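Report on the structure given below.
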Amino acid sequence: MASGDDDALVLVDPRTGGVVGDLACTPVAAVVSQVAAARVAGALWAARPLLDRMAVVRALGTALLARGSDLVAVLGAEIGKPSGEAWTSEVVTLGELFDHWLAVIEDELEPRSLDLNPVNYPGKRVEVVPEPLGVVALIMPWNYPIHLPMRTIVPALLAGNAVVFKPSEHAARCGALLAEVFATVLPPNLVVTVQGGPPQGAAVIAAGVDKVIFTGSVAGGRAVARQAAELLIPTALELGSKDAAIVLHDAKLGRAVEGVLWGAFHNAGQDCASVERALVDRRIVGQFTDALVARAKELRLGDDIGPLIDARAVAKVHAQVLDAVARGATLLCGGQPVEGGFFYPATVLTGVPTDCPLWTEETFGPVLPIAAFDGEDQAVAMADDSQYGLCVSVWTRDVARGEALARRVRCGVSYVNNCCFSGPMGGASWGGRKHSGHGVTGSVFGLHGLVQPRTVVVDRFFGQKELWWYPYTPALTTMAEGLVELARSGGARFTGLRKMLGGLIGRWKT
Ligand code: NAD
């Protein structure tokens with residue numbers, strides 16, 4: 001990002017570190033009119049029948065999948081994702097995402113009728129109708145620049161919203177490619193793409209959107225939440241983490257090693273749900289560590305582990321490693337940046353003091369500290385001893401025990417014998433606790449955050465007055481007492497009925 005808010009973004013290939021071009025930012029001053037255009041487009045969109053909206057969204061899914069190889073190419077050029085990883089995590093998952101929402105959306109948006117007591121509420125119909133929020137803003141990071149915006153754009157559009165999408169300044173080309181596909185299928189301005197950095201993000205919020213869904217760092221989330229709070233705009237914050245994998249004594253060792261290896265090093269460790277701490281039963285920690293280090297040494301830079309996003313990220317990761325080693329940690333492999341590009345090798349350490357940033361802060365790089373525990377209570381306490389709480393994984397042959405143990409850890413997603421892969425699933429909730437954020441994307445709980453429920457009350461009772469309207473007479477009190485007693489079980493029911501009827505007649509007479 002250049003110095004002025006509106007300066008063009010400088011595009012860098014993280015595989016070489018070389019500048020490959022630039023891309024125009026959306027001028028900050030233009031953001032207000034962009035948001036206004038989205039609001040107009042959203043109102044027209046919301047008025048269209050759901051089946052019609054579904055047809056357009058289905059066409060969007062088809063158009064995106066048809067551009068699969070282009071998406072993978074730009075993910076490689078811009079983020080350095082190895083192609084197998086780009087296909088599986090960003091493109092295959094898109095198909096499933098669209099399929100899920102198109103299958104469930106009619107039921108999920110169905111109005112819910114209340115079952116009313118006809119004595120208390122004669123002639124009344126009450127239903128809760130989900131309505132679009134209006135304009136939903138997405139402020140997105142660079143690490144999964146396709147699936148992260150799409151996991152909200154798909155349900156947001158189906159629910160009748162317009163979207164203002166601000167891609168990361170480090171993933172502007174991915175954002176531009178998405179915008180190109182949107183333009184072929186969606187009505188104009190239904191999804192507006194605002195290119196730029198934090199100033200453009202702040203301008204989107206200031207323009208008066210109806211919700212902000214922010215995915216990114218804790219610092220960014222805090223700034224966004226502060227700005228949105230001033231404007232009373234609701235937020236969902238998907239932030240960083242320091243997830244633990246707990247490897248129990250009875251784990252299938254080969255799978256646990258391969259799973260934790262992938263959990264720590266896929267996407268070069270730049271995943272909010274990366275395994276950033278391996279906690280291993282002391283009885284197997286030696287065996288586990290030897291096997292994991294042997295496999296980590298085999299991972300190929302470029303093919304298995306892409307680059308970090310920029311030189312600053314390399315410096316941050318390396319500083320955490322150096323600090324831990326200086327304070328007594330043992331480096332078992334990796335630990336040195338590689339010349340050319342922003343690569344950092346798979347790095348494994350033991351004996352990391354628990355007050356080191358490598359143990360307490362999100363590393364967001366391919367670095368795995370391993371520590372031993374004695375007993376399940378200690379494993380849970382160690383996993384929970386973090387400011388974050390996004391995911392945990394437990395590795396064991398006893399899946400019931402693993403599930404129970406994982407549920408004791410304070411976080412939003414728990415895995416048994418797996419890790420890190422459920423984020424793009426439309427039907428699964430994604431969201432954390434503590435500094436990992438608040439609010440949810442994915443699942444019906446995420447959809448609830450994209451609609452405003454409207455309660456609609458329609459009365460076909462044309463009596464002069466309701467029982468609870470004026471005048472407040474003793475008969476009203478008697479009737480109300482009777483209704484409460486009636487609702488209770490046991491001997492009070494008969495007296496309740498008597499009182500209620502007596503009160504009712506008294507009310508009727510007055
Ligand atoms: P970041 O916070 O630097 O930027 C994220 C987005 O916010 C970018 O679009 C940026 O331009 C914008 N932004 C930053 N500060 C802003 C401000 N003050 N006002 C408005 N907009 C602002 O994060 P990043 O480096 O792009 O992403 C990496 C982080 O994202 C990691 O911490 C990672 O754990 C987290 N992440 C979380 C999830 C999740 O689901 N929990 C998923 C992916 C990434």
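Sequence positions, counted from 1, serve as the residue numbers for this chain. Because the structure is a prediction, the values reported are computed rather than measured. As the structure lists them, so they are numbered: ligands from 1, and atoms in each ligand from 1.
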Discussion item. Quick test of your reading of the structure: of G201, G432, P198, whose heavy atom lies closest to atom 22 (C) of ligand 1?
Written reply: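 Of the listed residues, P198 has the closest heavy atom.
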Discussion item. Regarding atom 33 (C) of ligand 1: of the candidates F214, F364, Y144, F165, which has the closest heavy atom?
Written reply: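 Looking at heavy atoms only, F364 sits closest to atom 33 (C) of ligand 1.
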Check ligand 1 against [X] and write out every atom of the ligand that is under 4.0 Å from a heavy-atom position of the residue.
X	value
T215	5 (C), 36 (N), 37 (C), 38 (C), 39 (C), 40 (O), 42 (C), 43 (C), 44 (C)
A223	18 (N)
I139	6 (C), 7 (O), 9 (O), 12 (C), 21 (N)
N143	43 (C), 44 (C)
E169	8 (C), 9 (O), 10 (C), 11 (O)
S168	9 (O)
G240	32 (O), 34 (O)
L239	34 (O), 37 (C), 38 (C), 39 (C), 41 (N)

Worksheet item: Any salt bridge between E258 and R255, counting N to O under 4.0 Å?
Response: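 No, this pair does not count.
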Worksheet item: Taking NZ, NE, NH1 and NH2 as the nitrogens, is one of them in D210 or R39 under 4.0 Å from a carboxylate oxygen of the other?
Response: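 Salt bridge: yes.
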Item to complete: Before giving the answer on side-chain contact (heavy atoms from CB on, under 4.5 Å), spell out for L109 and V451 the whole-Å C-alpha distance, their side-chain angles and the decisive distance to 0.1 Å.
Response: CA-CA 9 Å; L109 294 181; V451 295; 4.2 Å; yes
With a heavy-atom distance limit of 4.0 Å, tell me whether [X] approaches ligand 1 through its side chain, its backbone, both, or neither.
X	value
V224	side chain
L148	side chain
R151	side chain
W430	side chain

Tell me the protein heavy atom at minimum distance from [atom], and give that distance in Å.
atom	answer
atom 23 (O) of ligand 1	S217 N, 3.3 Å
atom 27 (O) of ligand 1	P141 CB, 3.3 Å
atom 24 (P) of ligand 1	W142 NE1, 3.6 Å
atom 36 (N) of ligand 1	C272 CB, 3.6 Å
atom 32 (O) of ligand 1	E362 OE1, 2.6 Å

Fill in: Protein contact for atom 4 (O) of ligand 1 (heavy atom, distance under 4.0 Å)
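No, there is no protein heavy atom closer to it than 4.0 Å.
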Cut-off 3.5 Å, side chains only: do [X] and [Y] have a donor facing an acceptor?
X	Y	result
K242	T363	yes
S414	R407	no
T235	H438	yes
E238	T441	yes
D271	Y144	yes

Can you check whether [X] has an N/O within less than 3.5 Å of an N/O in ligand 1?
X	answer
M140	yes
S436	no
G216	yes

Worksheet item: How about W142 and F364: are their ring centres within less than 6.0 Å of each other?
Response: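 Ring centres of F364 and W142 closer than 6.0 Å.
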Item to complete: Would you check whether G437 reaches within less than 4.0 Å of ligand 1, judged by its heavy atoms?
Response: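 Flag not set, G437 not near ligand 1.
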Practice prompt. For Q387 and E361, run side-chain contact (heavy atoms from CB on, under 4.5 Å): C-alpha distance rounded to whole Å, both residues' side-chain angles, the deciding distance at 0.1 Å, then the answer.
Written response: CA-CA 8 Å; Q387 60 183 309; E361 300 289 329; 3.8 Å; yes
Fill in: Geometric class of the F165/F182 ring pair [parallel <30°, tilted 30-60°, perpendicular >60°]
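Ring orientation of F182 relative to F165: perpendicular.
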Practice prompt. Check whether more than 12 heavy atoms from other residues, nucleotides or ligands sit under 6.0 Å from atom CD of E339, and answer yes or no.
Written response: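 12 or below, so no.
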Worksheet entry | Distance, nearest 0.5 Å, that separates NE2 of H147 from CG of L97 |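 Answer rounded to 0.5 Å: 9.0 Å.
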Worksheet item: Side chains of F214 and M140: does their closest heavy-atom pair fall under 4.5 Å?
Response: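 The answer is no; the side chains never approach within 4.5 Å.
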